[in-house]
Amino acid sequence: MTIGIIERYYDYLPVTDKTPMLSLGEGNTPLVYAEHLSDALSAHVYLKLEGLNPTGSFKDRGMVMAVAKAKENGADAVICASTGNTSASAAAYAAKAGLNCFVVIPHGYVAAGKLAQAVLYGAKIIPIEGNFDQALEMVKVLGEHYSVEIVNSINPYRLEGQKTAAYEIIEKFGHSPHIVALPVGNAGNISAYWLGFKEAHEHQLCQSVPKMWGFQAEGAAAIVRNRKISNPETFATAIRIGDPASWKLAVKAREESGGIINDVTDDEIREAYYVLAEKEGVFCEPASAAAIAGLYKQAKVGEIPKDSTIVAILTGNGLKDPDSAMQKNSEPFKPIQATEEELVKNIFEVEV
Ligand code: F0G
């Protein structure tokens with residue numbers, strides 16, 4: 001039997017005996033020690049592989065809650081705006097729950113794997129000539145006038161489900177880490193983690209809470225600049241957002257935890273994306289690598305306390321975005337003749 005986060009964290013979630021025990025097996029993701037990063041940053045760095053959730057991103061934790069509650073409340077359709085992962089997750093859980101799903105996406109800015117998921121799960125996909133922020137505005141207006149349940153993170157059940165990752169981290173360590181680093185887009189995840197850690201502390205599951213370190217892409221760093229960005233741009237399309245919905249909650253998480261929200265450049269994100277793959281064997285998507293880029297940035301200015309325990313949240317699976325990965329190949333592949341001689345020549349770069 002699949003046990004998901006609703007069943008596992010039943011006591012900590014706003015569920016009732018009428019809430020369907022919906023699950024695709026989300027949660028309980030690995031926390032992997034990162035030797036290379038730990039050496040490089042003089043800290044103990046762990047990677048929480050949220051890309052191993054059923055649809056390949058952290059969104060499944062919140063989505064299973066939002067869709068289960070929509071079902072409980074008698075909805076027959078859900079809708080979301082998305083840079084890709086939310087739509088993949090909404091489409092999957094809606095399929096499982098027997099609901100219709102509508103997704104509104106910025107045309108041309110959703111990674112191939114994410115779009116393929118929404119297509120195959122059977123969502124109705126509506127691409128717009130606009131960005132995520134515009135898509136979310138449209139969805140909000142629609143949600144007011146029609147009986148479709150919005151499953152973006154403005155739906156409070158999303159944060160409730162997402163907070164379970166904080167409980168898992170505490171369970172694995174027996175206490176809180178010093179720092180939790182994560183990418184910030186629409187700012188739901190950083191808000192949810194903070195909610196989870198605070199609650200776990202109230203339930204006396206941990207004696208302290210971590211500092212929340214969030215990182216935005218430089219071209220989409222509204223919270224860092226303290227102003228909306230009307231034309232957000234970044235290679236990490238998942239966090240290409242200029243007016244985060246949970247802006248205030250994210251600022252609260254930063255302030256209450258004594259944390260930071262900083263920005264990282266696309267080059268820094270790309271470098272971290274490669275380091276994770278080449279040195280840690282972890283293939284995440286570009287947005288997830290922003291967390292690691294941020295840690296490098298803080299280390300450079302001496303902001304990482306020596307030997308501190310850090311958990312970096314790798315929010316999405318690298319397979320979602322094959323095009324970004326293939327950009328690393330500077331030249332297209334050229335096949336060789338299928339002979340042993342040619343193979344030896346190519347591998348050892350010698351004439352035989
Ligand atoms: N990482 C990934 C892989 C994401 O897909 C997102 C957001 C984030 C980080 C940022 O998380 O929005 O909670 O601050 N993706 C949303 C989507 C916007 O539509 O899939 P956040």
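Note that the structure is predicted; figures quoted are calculated from it, not measured. Sequential numbering from 1 along the given sequence is applied to the chain's residues.
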**Message:** Parallel, tilted or perpendicular, judged at 30° and 60°: which one describes the rings of Y12 and H203?
**Reply:** tilted
**Request:** Check whether the side chains of T315 and S288 place a donor and an acceptor atom closer than 3.5 Å, and report yes or no.
**Result:** yes
**Request:** For the residue pair P244 and V184, establish whether any side-chain heavy-atom pair is separated by less than 4.5 Å.
**Result:** no
**Prompt:** Looking at E26, E160, E168, which one forms a salt bridge (charged side-chain N to carboxylate O under 4.0 Å, His left out) with R61?
**Reply:** E168
**Request:** Please write out which residues are connected to Y121 in a hydrophobic cluster, directly or through intermediates, given that two of Ile, Leu, Val, Met, Phe, Trp, Tyr count as joined at side-chain heavy-atom separations below 4.5 angstrom.
**Result:** none
**Prompt:** Say you draw a straight line from CE of M65 to OG1 of T164; how long is it, rounded to the nearest 0.5 Å?
**Reply:** 9.5 Å
**Item:** Atom pair CG/CD1 of L13 and I5 - distance to nearest 0.5 Å
**Value:** 5.5 Å
**Item:** Whether S246 side chain and L249 backbone form a donor-acceptor pair below 3.5 Å
**Value:** no
**Prompt:** So, do Y193 and L182 sit near enough that their side-chain heavy atoms are less than 4.5 Å apart?
**Reply:** yes
**Fill in**
Those residues at least two apart in sequence (or on a different chain) that pass salt bridge (charged side-chain N to carboxylate O under 4.0 Å, His left out) with D263 are R225, K297
**Asked** Which of parallel (below 30°), tilted (30 to 60°) and perpendicular (above 60°) describes Y46 and F173?
**Response** perpendicular
**Prompt:** Just by distance, with hydrogens left out, do K124 and N100 show a side-chain donor and acceptor under 3.5 Å apart?
**Reply:** no
**Message:** So, taking the atom named CZ in R8 and the one named OG in S23, what distance separates them when rounded to the nearest 0.5 Å?
**Reply:** 8.0 Å
**Request:** Evaluate whether atom OH of Y109 has more than 12 neighbouring non-hydrogen atoms of other residues, nucleotides or ligands under 6.0 angstrom away.
**Result:** no
**Asked** Are any of the side-chain heavy atoms of Q298 and N262 separated by less than 4.5 Å?
**Response** yes
**Message:** Holding to side-chain hydrogen bond (donor to acceptor under 3.5 Å, both in side chains), I want the full list of residues that pass it with E278, two or more places apart in sequence or in another chain.
**Reply:** K328
**Asked** Atom OG of S57 and atom CG of N317: how far apart are they, to the nearest 0.5 Å?
**Response** 9.5 Å
**Which residues share a salt bridge (charged side-chain N to carboxylate O under 4.0 Å, His left out) with K198, sequence neighbours left out** = E256
**Reference residue L47; test side-chain contact (heavy atoms from CB on, under 4.5 Å); the match among I310, I313, L314, T29** = L314
**Request:** Kindly indicate whether the side chain of D267, heavy atoms from C-beta on, has any atom under 4.5 Å from the side chain of E271.
**Result:** no
**Message:** Return the SG to CE distance between C80 and M63, rounded to the nearest 0.5 Å.
**Reply:** 5.5 Å
**Message:** Could you check whether any side-chain heavy atom of E285 comes within less than 4.5 Å of a side-chain heavy atom of K114, counting everything from C-beta outward?
**Reply:** yes
**Request:** With rounding to the nearest 0.5 Å, note down the distance linking CD in Q162 to OH in Y157.
**Result:** 15.5 Å
**Request:** Taking only Lys NZ, Arg NE, NH1 and NH2, and the carboxylate oxygens of Asp or Glu, determine whether E255 and K252 approach each other closer than 4.0 Å.
**Result:** no
**Asked** By the rule that ILVMFWY residues connect when side-chain heavy atoms come within less than 4.5 angstrom, directly or transitively, which residues belong alongside L115?
**Response** V103, I105, V110, V119, I125
**Item:** Heavy-atom check, side chain of L136 versus side chain of F132, under 4.5 Å
**Value:** yes
**Message:** Under the rule for salt bridge (charged side-chain N to carboxylate O under 4.0 Å, His left out), what residues qualify as partners of E218, not counting sequence neighbours?
**Reply:** none
**Message:** Between E199 (side chain only) and G196 (backbone N and O only), is there a donor and an acceptor less than 3.5 Å apart?
**Reply:** no
**Prompt:** Does some side-chain heavy atom of L24 sit less than 4.5 Å from a side-chain heavy atom of D60?
**Reply:** no
**Prompt:** Are L49 and C284 close enough that some pair of their side-chain heavy atoms sits under 4.5 Å apart?
**Reply:** no
**Item:** Any donor-acceptor N/O pair, T83 side chain to A238 backbone, under 3.5 Å
**Value:** yes
